[in-house]
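A short write-up of the structure that comes next.
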Amino acid sequence: MRSLLLPALVLLLVIPALRAATTIVRGPYLQSATPTSMVVRWRTDIAEASVVSFGTERNQLVKSVKSEGILTEHVVQLSGLEPNTKYFYSVGPVAVKVEAAKAGAKTDTKAVIEDAPGKAAIHAFTTPPPIGPAKPTRVWVLGDPGTKNATQAAVRDAYYKFTASRATDLWLMLGDNAYPDGTDTDYQKAVFDVYPKTLATSPLWPALGNHDGKSANSITQSGVYYDIFTLPTRAQAGGVPSGTEAYYSFDHANAHFICLDSHDSDRTAGGAMMQWLKADLAATQRDWIIVFFHHPPYTKGTHDSDKDSDSAGRMNDMRQVFLPVLEAGGVDLVLTGHSHVYERSWLLDGHYGKSPTFDAALHIKQKVSGRADGDGVYRKPRARTPNFGHINNVTGSAGHASAKPVPLNHPAFFISLNEAGSSVLDIDGLRLDATFVNDKGEKRDWFTIVKE
Amino acid sequence: MLAAFVLGAATLAAHPEIEEALTRLNAAIAAQPANAELYLQRGELYSRHEDWVSAEANFLLAAELSPRLPRLAQARGALELSAGRPQDAVALLDTALALDPTDAAALVLRARAHRALKAHAAALADLDTAIAQLAQPPPELFIERAALLPPAEAIRGLDEGIARLGPVVTLHLRAVALEESLGRVDAAAARFLHLAATSERPEGWHKRRGDLLARAGRKADARTAYAAALAAIAALPPWLRTSPDTARLTAELTDQAAARP
């Protein structure tokens, strides 16, 4: 008994003193999740060792991983994890010692002092399931969230109420994650201070928006966005290696997600991003292909995809150059932001011109609402079928809707709303349900795609 | 007239987001009219939206107030390059790099300006430096550099990229084209084999290997590659094997595999 009490007493004396000396000022947050690995990141105000203690029991964080160096910006990759398994974790080395002491192990007090102080908070995440087989998956989709204002908080809280105890398996940010300039301070206030709970429990997969692009450079892979996020460049999470964090892909269960850089990477047909995209689309075996990027191919919200000058032609590029390839590749859902509204299409194919050239008879593949409680869901063959149709969804109002009236009259859309909110995807085997929840917690749009 | 350029064209202000950013910057400039950084930011805003005239007007004001302002020469160089004036871009980017020789973005921009001027050696030197400086240079830089080199050297440069970044498909594909241009069919075919071995859907890579070998007149080897593609298709789960695009590929491969020598 005495042998346990002594180290515990020492720890009780040491921990408060060290805690006072350092603070976690960012995170922890989860990145680049795979069935067997997870990147944990956080920031401290004072340089210290990077250690994550983890285990499958809350009171037994029996394993630990320590990265090289004494830093304020901590990046620790946990490897050798079991798929679809809940792990508890804590950042900072003392937690390991506390748990070890509790478990009766001999504690090395010197190591505790030399190492960084621990942080008592214990968080949890669940590793993604094995790639391929279906598993019910909830995805939270936030477009243009980073306003730091009450609307952003209301959208967040509405989602938290909506999802309740249902865990968020992963979340996507569609760009303009931190206004106005995507600086480190902007990210702190617009992302890390707003979503601490989700950041610590669910892996975040971001896209680069024009506001993020003010403080980042895709060709040098530098700047705040690239410093903050750890994204797969070598197909660590599935897909084909892109060699860059600007565009990447990953798998989760039976879904394949592709993130494109519509802001700062070469958007030409002969560019590297396009070459990679074609290879990535051809390589996947997943049931669902979901693509996300910032600039919408179609919108009549706070931006106008018919105007060549709007966003320096980026929306044109994504519609004229990329959309044909996405549709030929059998993509099911294209998620974008940039326009601070919600616009959701019919099941579409083949519309690459301006809105006056839209021909419902030609471009709408299934003219139903997509609602099981309406005139029917969208139905697609499970077998990959080029140009069978996709849903194009602008969901760019997670931080604000337009303060002024906007046209919202693009004929490609089944529904257009000038309302703040976020989108939720529920993928369950061969069924995908999407819901738009506004900032008041109201379900304002929903649709289903079923594969047969 | 100048005021109109400095404050921007009406078309830009029509976009609410730009309007919002402009309003913010205009207010800040009204409060601090001698703050060069604010003019730089406003110029960058216009640059991003390709309003070169307004951007330049703001950069000139910033330069008047603070000629050595960090980022200013780079921003002006980028503008000159985008506006199709590479010679002016080089001069400004020289200034940017004199102020900060580690500015990789300025190096890449100057390389592009040199390339536009057909000064390939200078472009190569800048790209070499940028690639060496960056912790994780994107594949685009290796591809840009390869475009400036003779094929054999270009392939070595692409392989350097693969060694640093992993088996990036875009680098391999560029290398395949170059290997084929040199008549190094086996080397090109080996790259396709490598891509096939690391892919969940190898059939497409085997097909391309077969096409490459067929173009080289190696019909028997091509048929072997097509057969490998068919075998890969046979190993797919049924719902993928029977999809319309796979069915089309299967039919094509079957014809090619059965073709007479």
Working to the nearest 0.5 Å, report the span between [atom1] of [X] and [atom2] of [Y].
X	Y	atom1	atom2	value
B:Glu20	A:Tyr179	CD	OH	8.0 Å
A:Glu452	B:Trp239	CD	CH2	14.5 Å
A:Leu281	B:Arg201	CG	CZ	11.0 Å
B:Thr170	A:Leu277	OG1	CG	12.0 Å

Contacting moiety of [X], where chain B heavy atoms sit under 4.5 Å:
X	result
A:Ala283	both
A:Ser222	neither
A:Asn387	neither
A:Asp287	both

Output the option from [options] having the highest count of non-hydrogen pairs under 4.5 Å with chain B.
options	result
A:Arg314, A:Arg382, A:Lys214, A:Lys278	A:Arg382
A:Gln275, A:Arg384, A:Gln221	A:Arg384
A:Ala272, A:Ala383, A:Ala403, A:Ala246	A:Ala383
A:Asp181, A:Ile219, A:Asp280, A:Thr244	A:Ile219

> Can you list the steps and then say if B:Glu200 with A:His256 is a side-chain contact (heavy atoms from CB on, under 4.5 Å)?
Replying inline: CA-CA 13 Å; B:Glu200 277 190 85; A:His256 184 61; over 6 Å; no
>> Heavy-atom count check: over 12 atoms from other residues, nucleotides or ligands less than 6.0 Å from B:Arg191 CZ?
In response: yes
> Do other residues, nucleotides or ligands put more than 12 heavy atoms under 6.0 Å from the NZ atom of A:Lys189?
Replying inline: no
> Checking B:Arg248 against chain A: side chain, backbone, both or neither under 4.5 Å from a heavy atom?
Replying inline: side chain
> Which atoms of B:Arg48 come close to chain A, meaning under 4.5 Å heavy atom to heavy atom: side chain ones, backbone ones, both, or neither?
Replying inline: both
> Looking only at heavy atoms, which two atoms of B:Glu140 and A:Met273 are closest? And how far apart?
Replying inline: OE2-N, 4.4 Å
>> Please find the pair of heavy atoms, one from A:Gly243 and one from B:Pro139, that lie closest to each other, and give the distance.
In response: O-CD, 3.3 Å
Pairs of heavy atoms under 4.5 Å with chain A: top-ranked of [options]:
options	answer
B:Ser199, B:Ala247, B:Gly166, B:Pro237	B:Gly166
B:Thr242, B:Ile143, B:Leu141	B:Leu141
B:Leu195, B:Leu240, B:Asp245, B:Leu171	B:Asp245

> Which residue pairs satisfy the salt bridge (charged side-chain N to carboxylate O under 4.0 Å, His left out) criterion with at least one member in residues 255-274 of chain A, sequence neighbours excluded?
Replying inline: A:Arg267-A:Asp317
> Taking only residues two or more places apart in sequence or in another chain, which ones pass side chain to side chain contact (heavy atoms under 4.5 Å, CB included) with A:Pro381?
Replying inline: A:Thr385, A:Phe388
> B:Arg241: what forms a side chain to side chain contact (heavy atoms under 4.5 Å, CB included) with it, not counting sequence neighbours?
Replying inline: B:Ile233, B:Leu236, B:Pro238
>> Suppose a student defines contact as a heavy atom less than 4.5 Å from any heavy atom of chain A. Which residues in residues 103-110 of chain B would they list?
In response: B:Ala104, B:Ala105, B:Val108
